[in-house]
Trainee: 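Before I ask anything, here is the structure I am working with.
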Amino acid sequence: MQTRVNTNNGDDLSVLGFGCMRFPTKNGIIDEERSIAMIRDAVDKGVNYFDTAYIYHNGKSESLLGKALSGGYREKVRIATKLPPFMVYKLEHAQKIFNNQLSRLMTDKIDYYLLHMLTDIAMFERLASLGVMDWLESIKAKGEIDNIGFSFHGSKTDFEDIIKAYPWDFCQIQYNYLDENRQATKSGLFLAAQMGIPVIVMEPLRGGKLVMNLPEEVVQAFRHFDADRSPAEWALRWVWNHPEVNVLLSGMSTEEQLAENIRIANHVQPNSLSEEELQVFDRVKKILMEKTKIPCTACGYCMPCPYGVDIPGCLSAYNDKYLLGSRNVRLRYMQTLGSLSARPANASQCRECGKCEPHCPQEIAIPKQLKIVAKELEGPLYKPIAAIARKVLRINTPKQS
């Protein structure tokens with residue numbers, strides 16, 4: 001596995017980091033046996049950076065990672081995890097969460113500790129006013145954390161404000177060939193590098209959107225240049241082509257994804273894409289930007305919805321209508337969004353409570369978009385058809401408690 005050096009502390013970090021937000025699941029919960037086997041296989045093959053968070057997999061991700069790294073694996077890796085600002089209203093809240101994280105991860109130290117999903121300078125300043133930054137520095141001095149950083153989902157200006165507000169040890173940004181000019185942007189990546197702040201990249205495949213169900217024109221554009229290179233490899237190579245990127249995080253859900261990513265990471269080099277390959281990306285970006293309606297990455301930060309809406313699923317179905325142009329999109333929407341299950345999760349379940357919107361890293365006006373989704377994918381006949389189907393199938397919706 002190739003590595004890139006963290007110039008702040010000399011760590012040799014694997015160019016591929018294991019994102020622990022999308023472990024394989026079984027019956028709705030983490031498939032523990034498969035996940036542990038994948039983590040240990042990754043370590044054996046050179047992956048040494050594992051990124052999790054307090055809230056991933058409904059709080060189960062850290063515990064699973066801790067268990068997987070027992071038996072000698074912990075000493076071979078760096079663990080990154082995150083403090084959720086929306087759960088911190090007193091310093092004691094942060095301290096309690098951190099101690100819980102140490103317990104879950106079965107460790108006495110967090111190598112890379114992040115403030116999770118900062119969106120603007122006000123969020124950072126609120127935490128600082130509570131004493132969070134002073135406390136983080138104190139536990140760093142004691143050796144309970146090694147590096148203080150933040151993950152970011154906001155505008156270019158907000159990123160610049162935050163990165164200049166504190167002497168960060170590292171930062172984590174969303175970056176892929178579609179988001180070169182969104183969120184932190186390419187200039188933000190370069191700014192961090194110029195300031196000597198290592199960069200960890202998340203969402204290199206935009207939640208799978210740069211791999212699954214791509215328009216045929218995109219697939220053909222890639223294949224025309226190299227018939228054997230998958231869309232995933234194209235997307236990962238684009239990120240790794242930037243020497244300013246220290247680690248690329250991938251949330252791998254299958255053994256096949258892990259194997260492919262390790263294969264690519266074993267030989268990819270910065271500044272290795274040719275001018276012809278970069279021109280392929282220009283064509284692909286133009287096609288996708290013309291077809292994508294809502295920039296959802298299916299990160300899940302908007303969930304759970306109090307009224308049961310599968311928000312990422314609804315927005316994905318809407319995008320698919322334009323990306324794929326499928327005549328069966330409404331049928332698939334009905335099948336996959338719970339219209340024929342005990343708890344419907346389709347867009348018209350939305351009551352516009354607004355709970356989801358502040359948590360969206362992409363700043364999507366979610367209630368407004370769900371209205372559009374309901375209008376275009378449900379229509380006037382949707383509810384009567386679903387009601388008839390539910391009656392025939394004897395499906396009853398449980399009463400809200």
Side-chain angles (χ1 to χ4, degrees), residues 16-45 47 49-70 73 77 79-82 84 100-101 104-106 116-117 151 202-213 232 248-262 296-306 308-317 319-320 332-346 349 356 359-361 398:
L16 175 64
F18 201 124
C20 301
M21 190 173 77
R22 294 184 171 100
F23 286 137
T25 59
K26 182 167 57 177
N27 299 323
I29 60 174
I30 296 174
D31 187 327
E32 188 171 298
E33 183 177 354
R34 283 184 64 198
S35 299
I36 290 175
M38 286 177 63
I39 290 169
R40 292 179 175 176
D41 183 42
V43 177
D44 291 339
K45 292 176 179 173
V47 177
Y49 192 94
F50 288 80
D51 172 88
T52 183
Y54 191 68
I55 61 174
Y56 287 175
H57 280 284
N58 296 316
K60 303 297 183 183
S61 175
E62 289 176 328
S63 298
L64 187 284
L65 181 60
K67 188 172 183 178
L69 294 177
S70 62
Y73 283 90
V77 306
I79 293 176
T81 194
K82 310 177 188 76
N100 194 8
Q101 290 175 305
R104 288 177 175 183
L105 288 161
M106 300 168 62
H116 196 176
M117 205 175 78
S151 65
M202 57 185 162
E203 301 286 3
L205 303 180
R206 227 174 189 242
K209 296 294 186 296
L210 301 183
V211 177
M212 299 178 291
N213 299 324
L248 174 154
L249 297 175
S250 179
M252 296 166 281
S253 302
T254 69
E255 293 80 0
E256 292 76 17
Q257 291 171 359
L258 174 62
E260 180 181 22
N261 289 359
I262 288 175
C296 174
T297 69
C299 69
Y301 290 143
C302 57
M303 298 292 284
C305 166
V309 180
D310 179 352
I311 298 169
C314 290
L315 301 187
S316 176
N319 280 334
D320 285 350
R332 287 206 313 273
Y333 174 83
M334 182 178 287
Q335 292 173 330
T336 59
L337 270 302
S339 295
L340 304 182
S341 66
R343 296 185 182 275
N346 49 297
Q349 300 293 116
C356 53
H359 300 292
C360 178

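Starting from 1, each residue takes its place in the sequence as its number. As a basis for the values below, the full set of heavy atoms in this structure was taken, side chains included, without hydrogen atoms, waters or symmetry mates. Keep in mind it's a predicted model, so treat the numbers as computed, not measured.
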Trainee: Can you name the nearest heavy-atom pair linking Glu62 to Gln101, along with the distance?
Mentor: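 Closest pair (atom of Glu62, atom of Gln101, distance): OE2-NE2, 2.8 Å.
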Trainee: Which atoms form the tightest heavy-atom contact between Cys356 and Cys302, and what is the distance?
Mentor: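 In terms of heavy atoms, the two residues are closest at CB-O, 3.7 Å.
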Trainee: Got a salt bridge between Lys45 and Asp41, using NZ or NE/NH1/NH2 to carboxylate O under 4.0 Å?
Mentor: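 Asp41 and Lys45: salt-bridged.
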Trainee: Rounded at 0.5 Å granularity, tell me how far NZ in Lys67 sits from CD1 in Ile39.
Mentor: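 Nearest 0.5 Å value for the NZ-CD1 distance: 11.5 Å.
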Trainee: Side-chain donor-acceptor pair under 3.5 Å between Thr25 and Asp31, yes or no?
Mentor: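 The answer is no; no qualifying pair exists.
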Trainee: Should we say atom CG of Asn58 is surrounded by more than 12 heavy atoms from elsewhere, each under 6.0 Å from it?
Mentor: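 Incorrect, the count does not exceed 12.
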Trainee: Can you tell me how far CE of Met21 sits from OG of Ser61, rounded to the nearest 0.5 angstrom?
Mentor: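 Interatomic distance, Ser61 OG to Met21 CE, rounded to 0.5 Å: 9.5 Å.
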Trainee: Are any non-hydrogen side-chain atoms of Ile79 and Leu69 less than 4.5 angstrom apart?
Mentor: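 Yes, their side chains come closer than 4.5 Å.
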Trainee: Between Lys209 and Ser316, does a side-chain contact (heavy atoms from CB on, under 4.5 Å) hold up when you go through it step by step?
Mentor: CA-CA 9 Å; Lys209 296 294 186 296; Ser316 176; 3.9 Å; yes
Trainee: Roughly how far apart are Glu33 CD and Ile36 CD1, rounded to 0.5 Å?
Mentor: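 Answer rounded to 0.5 Å: 8.5 Å.
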Trainee: Let me confirm one number: the OG1-CG distance from Thr52 to Leu105, rounded to the nearest 0.5 Å.
Mentor: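 Nearest 0.5 Å value for the OG1-CG distance: 6.5 Å.
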Trainee: Give me the ring orientation class for His116 and Tyr301: parallel if the planes are under 30° apart, tilted from 30 to 60°, perpendicular past 60°.
Mentor: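 His116 and Tyr301: perpendicular rings.
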Trainee: Can you see whether Tyr54 has Arg104 sitting over its ring - NZ or CZ less than 6.0 Å from the centre and within 45° of the normal?
Mentor: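 Relative to the ring axis of Tyr54, which defines the angle, Arg104 lies inside both limits.
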Trainee: Please find the pair of heavy atoms, one from Val47 and one from Leu16, that lie closest to each other, and give the distance.
Mentor: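 The answer is CG1-O, 3.4 Å.
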Trainee: Mark yes or no for whether Ser35, through its side chain, and Glu32, through its backbone, hold a donor-acceptor pair below 3.5 Å.
Mentor: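 It does not hold such a pair.
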Trainee: Please report the interatomic distance CG(Leu65) to OH(Tyr73), rounded to the nearest 0.5 Å.
Mentor: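 It is 13.0 Å, given to the nearest 0.5 Å.
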Trainee: Please assess Cys314 against Val309 for the test side-chain contact (heavy atoms from CB on, under 4.5 Å), listing each intermediate value before the final yes or no.
Mentor: CA-CA 8 Å; Cys314 290; Val309 180; 3.9 Å; yes
Trainee: Between Gln257 and Ser253 (side chain of the first, backbone of the second, donor and acceptor by atom type, cut-off under 3.5 Å), is there such a pair?
Mentor: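 Indeed, once roles are kept as given, a pair shorter than 3.5 Å links the two residues.
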Trainee: When rounded to the nearest 0.5 angstrom, what distance separates SG in Cys360 from CG in Leu315?
Mentor: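 Those atoms lie 8.0 Å apart.
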Trainee: What's the shortest heavy-atom distance between Met303 and Ile311, and which atoms?
Mentor: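 Heavy atoms only, the tightest pair is SD-N, 3.6 Å.
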Trainee: Who are the ring-ring contact (aromatic ring centres under 6.0 Å, His included) partners of His57, not counting sequence neighbours?
Mentor: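 Counting only residues at least two positions away or on another chain, His57 forms a ring-ring contact (aromatic ring centres under 6.0 Å, His included) with Phe23.
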Trainee: For Arg40 and Ala68, indicate whether the former's side chain and the latter's backbone hold a donor-acceptor pair under 3.5 Å.
Mentor: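 Yes, the answer is positive, given that a donor and an acceptor are paired below the 3.5 Å cut-off.
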Trainee: List the atom of Ala42, the atom of Ile262, and the distance in Å for their closest heavy-atom pair.
Mentor: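 Shortest heavy-atom contact: CA-CD1, 4.3 Å.
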Trainee: Taking all non-hydrogen atoms of both residues, which atom of Leu249 and which atom of Phe18 are closest, and how far apart?
Mentor: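 That would be CD2-N, 4.4 Å.
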Trainee: One pair to check against side-chain contact (heavy atoms from CB on, under 4.5 Å): Lys60 and Ile29. What are the steps and the verdict?
Mentor: CA-CA 9 Å; Lys60 303 297 183 183; Ile29 60 174; over 6 Å; no
Trainee: Could you go through the side-chain contact (heavy atoms from CB on, under 4.5 Å) check for Arg34 and Glu255 one step at a time?
Mentor: CA-CA 8 Å; Arg34 283 184 64 198; Glu255 293 80 0; 2.8 Å; yes
